[in-house]
Protein chains: 2
Amino acid sequence: MKKELTDRQQAILTFIEQYLQENGFPPTLREIGKHFGIASTFGVKRHLEALEKKGYVTIESNASRGIAVVHDDEYNSSVPEAVKNEHFNKIPVVGRVAAGSPILAMENIEGSLIIDPSFIKKAEDVFALRVQGDSMIDAGIFEGDLVIVSPNDKGRNGDIIVAMLEDEVTVKRLERIGDEIKLIPENINYQPITVTDKNNFSIVGKVKGVVRWLN
Amino acid sequence: MKKELTDRQQAILTFIEQYLQENGFPPTLREIGKHFGIASTFGVKRHLEALEKKGYVTIESNASRGIAVVHDDEYNSSVPEAVKNEHFNKIPVVGRVAAGSPILAMENIEGSLIIDPSFIKKAEDVFALRVQGDSMIDAGIFEGDLVIVSPNDKGRNGDIIVAMLEDEVTVKRLERIGDEIKLIPENINYQPITVTDKNNFSIVGKVKGVVRWLN
DNA sequence: TTGACAAGTGCTCATCTGTTCACTATATTT
DNA sequence: AAATATAGTGAACAGATGAGCACTTGTCAA
């Protein structure tokens, strides 16, 4: 376990990491000092020496910007193998879907989500969709939730699926009776939809998961 | 598309990337020159200017080691920023919690979950807990779901929290009235719990998110 | 009260480092 | 043949930068 940092040291370490991220190279002593209102480079230097002694950075003597942030093994061991091997899954998050437009068009991508491969088979090609409306609240799917959709799985009877109906995207439970297809909402205030015009209907994919974020 | 590089320029770009990887900060003009047997810093500088003009690096004027390697979007789009910068969050998933045992003891860890940093503030120390029981179904939290818990946030009035009560872990909505603490289930079949013995009660943390996996 | 420690000031100094200029040389393109 | 881009030398220069010292302040535990 690494030694604990003082608040000041932690703040400085964070600043260095941020600076590095934004600029691609580490800050100078004076830049650090300026950011924290420390007038003397010596004050900054001692913070860095403390950080080095505690194992958070290494400092190249006499080299300008010679600060390297240490990512030690302990830290790395917390990195899942999957990520090291780049076998993680990055899932595009689709925001609002404009009527008629292809779901995965670039304009729709709202962000991305990383999901542990233990949840998703590696090659599976999934995406996330932000839920609008409350027709599935009894299935624990609320407005604003993200549903993870697998377009390669068109769903079986009883599965929750994402369907495209009349250029609108909806999340519903699928019910197939013979040739008839019904979309069942999980909310007593809504009525099941029977698909009549199969030209204007398609199943986008099966819902594999739900992710909700509070606040 | 980026302009093509000469062999020399490519070699220098590669060297800079390697140096950066090994040292954590970029090389100086003289260090580059020394590596390639270029005696004059001016020769090196012109290579860098070429690299900058072609969009491979940016150079901070008058700053030592002010070379930043540009990673353009095309190249990066297959690798999420989060992973490249190792700023992703790996969350331990806690399975069953034995009565009285520390929640985060190793034996309890069931697996791990990777969540996009866009959801969680970087330094936030969270873990995931598998839900047992159905006392929160009206809040969309079902048995078997994973709740993401932030132990640093003890929750405000109305928040959904994880509490430790009589050596049992429960997910409930928090209600504080004056000095009285109530735990409200979100299921009409359950009754609110008023905390009487505060010695046997503690708040584990606030629920920040919910993840459910189907099949 | 004493001591240890974190944090900071103001300053000097040496050297690190990017900038610039004049000049040379070799390909490739026009 | 002339223009252009690439590649390099050697030297001079100024500003950027880390190192070091003596001294001060505030907090906290023994």
Side-chain angles (χ1 to χ4, degrees), chain A residues 1-70, chain B residues 1-70:
Chain A
M1 194 60 189
K2 278 178 177 174
K3 287 174 190 164
E4 277 189 18
L5 295 178
T6 65
D7 289 350
R8 202 62 165 161
Q9 287 164 0
Q10 178 60 60
I12 288 176
L13 179 59
T14 303
F15 172 70
I16 293 171
E17 286 173 337
Q18 269 180 13
Y19 186 105
L20 197 50
Q21 171 114 26
E22 282 168 24
N23 298 283
F25 45 87
T28 64
L29 297 191
R30 282 172 183 79
E31 283 166 348
I32 298 171
K34 192 180 171 192
H35 184 263
F36 288 99
I38 301 174
S40 174
T41 57
F42 190 51
V44 176
K45 185 176 163 55
R46 273 219 308 272
H47 285 305
L48 292 184
E49 282 168 354
L51 284 172
E52 185 172 37
K53 200 160 64 183
K54 292 179 182 175
Y56 289 83
V57 302
T58 58
I59 296 169
E60 186 68 28
S61 295
N62 298 314
S64 63
R65 304 178 189 273
I67 308 169
V69 177
V70 171
Chain B
M1 198 60 194
K2 276 176 175 175
K3 288 175 190 164
E4 279 189 17
L5 295 178
T6 66
D7 290 349
R8 202 63 165 160
Q9 288 163 0
Q10 179 61 60
I12 288 176
L13 179 59
T14 303
F15 172 70
I16 293 171
E17 286 172 337
Q18 270 180 13
Y19 187 104
L20 198 51
Q21 177 104 31
E22 282 169 25
N23 299 282
F25 46 87
T28 64
L29 296 192
R30 282 171 184 79
E31 284 166 346
I32 298 172
K34 191 181 171 191
H35 184 263
F36 289 99
I38 302 173
S40 174
T41 58
F42 188 48
V44 176
K45 184 176 165 57
R46 273 219 308 270
H47 282 124
L48 292 183
E49 282 168 354
L51 284 172
E52 184 172 38
K53 199 160 68 185
K54 292 179 181 175
Y56 289 83
V57 301
T58 58
I59 296 170
E60 185 69 29
S61 295
N62 298 316
S64 63
R65 303 178 188 274
I67 308 170
V69 178
V70 171

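Below, read A as the first sequence line, B as the second, and so on, with proteins coming before strands; counting in each chain starts at 1.
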Could you write nucleotides 7-14 of chain C as a row of B, S and -, 5' to 3', where a protein heavy atom under 4.0 Å of any base atom gives B, of only sugar-phosphate atoms gives S, and otherwise -? BBBBB---

How long is the line joining [atom1] of [X] and [atom2] of [N], in whole Å?
| X | N | atom1 | atom2 | result |
| --- | --- | --- | --- | --- |
| B:E49 | C:dT20 | CD | C1' | 11 Å |
| B:E60 | C:dG18 | CD | C1' | 12 Å |
| A:N62 | C:dT15 | CG | P | 9 Å |
| B:F25 | C:dG18 | CZ | P | 12 Å |
| A:E31 | C:dT17 | CD | C1' | 14 Å |
| B:I32 | C:dT17 | CD1 | P | 11 Å |
| B:K45 | C:dT19 | NZ | P | 3 Å |

Any chance you could measure A:H47, atom NE2, to A:F36, atom CZ, to the nearest 0.5 Å? 8.5 Å

Between the side chains of A:R65 and A:E31, is the shortest nitrogen-to-carboxylate-oxygen separation below 4.0 Å, so that they form an ion pair? yes

Going by an N to O cut-off under 4.0 Å, is there a salt bridge joining B:E49 and B:K45? yes

Shortest non-hydrogen separation from A:N23 to B:A68 and the atoms involved: O-CB, 3.1 Å

Taking five pairs at each end of the helix from C:dT1-D:dA30 to C:dT30-D:dA1, what angle separates the two helix axes (nearest 10°)? 40°

Establish, from distance only, whether the side-chain atoms of B:Q10 and B:T14 form a donor-acceptor pair under 3.5 Å. yes

Within the structure provided, determine whether B:F15 and B:P27 are in side-chain contact (heavy-atom separation under 4.5 Å). yes

For a quick check of understanding: with a heavy-atom distance under 4.0 Å over all strands, which category does B:A50 fall into, base, sugar-phosphate or nothing? nothing

Contact boundaries on DNA chain D for chain A, cut-off under 4.0 Å to non-hydrogen atoms: D:dT17 to D:dA22

